[in-house]
Amino acid sequence: MADTCVFCRIAAGELPARVVYRDDQAVAFHDLNPQAPVHVLVVPLDHHVDLSTAEPPLLGHLLHLCAALAAELGLEEGHRVVVNTGVDGGQTVGHLHLHLMGGRFMRWPPG
Ligand code: AMP
Ligand code: ZN
């Protein structure tokens, strides 16, 4: 765990979050600044800066969780899963996370 990493600290229960799901590999919680009626972050417990260091089984688990949570959170009409990466990708928190968003029509391209 990185002591200064906000998502490591949420994963460890040291910082508050509106957690909707937790297992031995990942935690999912509502985004503090939601961009859609449903905006949940799916976050591995282990610290990975981005996709580049995460192994395929973990990545598969995270994607599978997005699909399961989309169903659980009532996003039957559709949803979007986004992984912002690096400066050009608009990543602001340096701990891998998947944005699961829905509850409204998601425009494309996002800008
Ligand atoms: P990104 O720009 O892809 O790195 O996304 C980071 C996301 O984390 C943003 O949507 C923030 O609103 C969200 N965020 C930052 N800090 C927290 C926090 N403490 N709890 C919940 N969401 C957060
Ligand atoms: Zn971290």
Side-chain angles (χ1 to χ4, degrees):
M1 168 180 157
D3 284 348
T4 57
C5 172
V6 62
F7 288 176
C8 279
R9 297 192 64 197
I10 289 174
E14 293 178 8
L15 286 179
R18 291 171 57 211
V19 172
V20 296
Y21 178 84
R22 172 184 282 279
D23 65 22
D24 61 344
Q25 296 179 74
V27 60
F29 51 88
H30 289 282
D31 196 294
L32 212 50
N33 182 25
Q35 302 301 310
V38 175
H39 186 169
V40 163
L41 301 174
V42 176
V43 176
L45 300 186
D46 288 345
H47 183 86
H48 295 275
V49 171
D50 57 32
L51 289 169
S52 63
T53 58
E55 296 293 333
L58 174 61
L59 295 176
H61 182 64
L62 298 175
L63 280 173
H64 190 259
L65 261 182
C66 286
L69 287 171
E72 195 170 305
L73 296 171
L75 304 181
E76 292 88 2
E77 297 299 318
H79 59 275
R80 180 170 291 163
V81 175
V82 171
V83 183
N84 297 325
T85 303
V87 174
D88 280 1
Q91 184 177 7
T92 60
V93 175
H95 180 131
L96 174 64
H97 52 283
L98 285 66
H99 296 255
L100 168 64
M101 293 174 288
R104 66 166 169 82
F105 179 76
M106 306 299 296
R107 288 178 301 280
W108 188 264

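Numbering starts at 1 and runs along the sequence shown. Counting starts at 1 for both ligands and their atoms, in listed order.
The heavy atom nearest to atom 19 (N) of ligand 1, out of those in Ile10, Leu96, Leu15, is found in Ile10.
For atom 18 (C) of ligand 1, the closest non-hydrogen atom on the protein side is Leu32 CD2, 3.7 Å. The nearest protein atom to atom 1 (P) of ligand 1, hydrogens excluded, is given as His97 NE2, 3.1 Å; this is a heavy-atom distance. Protein heavy atom at the shortest distance from atom 4 (O) of ligand 1 is Thr92 N, 2.7 Å. Ranking the protein heavy atoms by distance from atom 16 (N) of ligand 1 puts Phe7 CE2, 4.2 Å first. Closest protein heavy atom to atom 10 (O) of ligand 1: Asp31 OD2, 2.5 Å.
Each of the following atoms of ligand 1 lies closer than 4.0 Å to a heavy atom of His99: 1 (P), 3 (O), 5 (O), 7 (C), 10 (O). Less than 4.0 angstrom separates some heavy atom of Leu41 from each of these atoms of ligand 1: 8 (O), 13 (C), 22 (N). Heavy-atom contacts of Asn33 reach the following atoms of ligand 1: 12 (O) (cutoff under 4.0 Å).
Backbone and side-chain nitrogen or oxygen atoms of Gln91 are examined, and none is located within less than 3.5 angstrom of a nitrogen or oxygen of ligand 1. Polar contact with ligand 1: present for Val93 (N/O pair, distance under 3.5 Å). Ligand 1 has no N or O atom lying under 3.5 Å from any N or O atom of His39, backbone or side chain. Considering backbone and side-chain N/O atoms, Val6 never comes within less than 3.5 Å of an N/O atom of ligand 1. Residue Phe29 has no N or O atom closer than 3.5 Å to an N or O atom of ligand 1. Note: no N/O pair closer than 3.5 Å links His30 and ligand 1 by distance alone.
Residue-level check: among N/O/S atoms of His95, ND1 sits closest to the Zn ion (ligand 2). Among the heteroatoms counted here (N, O or S) of His47, ND1 is the one nearest to the Zn ion (ligand 2).
For His97 and His99, the ring centers sit closer than 6.0 Å to each other.
To the nearest 0.5 Å, atom CG of residue Leu45 and atom CD1 of residue Ile10 are 12.0 Å apart. To the nearest 0.5 Å, atom CG of residue Leu73 and atom NE2 of residue His79 are 10.5 Å apart. A distance of 5.0 Å separates NE2 in His47 from SG in Cys5, rounded to the nearest 0.5 Å. To the nearest 0.5 Å, atoms CZ (Phe105) and CD (Glu77) are separated by 12.0 Å. A distance of 5.0 Å separates CG of Leu65 from OH of Tyr21, quoted to the nearest 0.5 Å. With rounding to the nearest 0.5 angstrom, the CG atom of Leu96 is 7.5 Å from the NE2 atom of His48.
For the pair His30 and Val20, the minimum side-chain heavy-atom distance is below 4.5 Å.
Ligand 1 has Gly90 within reach: a non-hydrogen atom of the residue lies less than 4.0 Å from it. In this structure, Arg18 has no heavy atom closer than 4.0 Å to ligand 1.
Here the side chain of Arg22 pairs no donor or acceptor atom with the backbone of Phe29 at under 3.5 angstrom. A donor-acceptor pair under 3.5 Å links the side-chain atoms of Gln35 to the main chain of Asn33, judged by distance alone.
Rounded to 10°, the angle formed at the Zn ion (ligand 2) by SG of Cys5 and SG of Cys8 is 120°.
Heavy-atom neighbours of His64 NE2 from other residues, nucleotides or ligands within 6.0 Å: at or below the threshold of 12. Counting heavy-atom neighbours within 6.0 Å of Asp88 CG, excluding the residue itself, gives a total of 12 or less.
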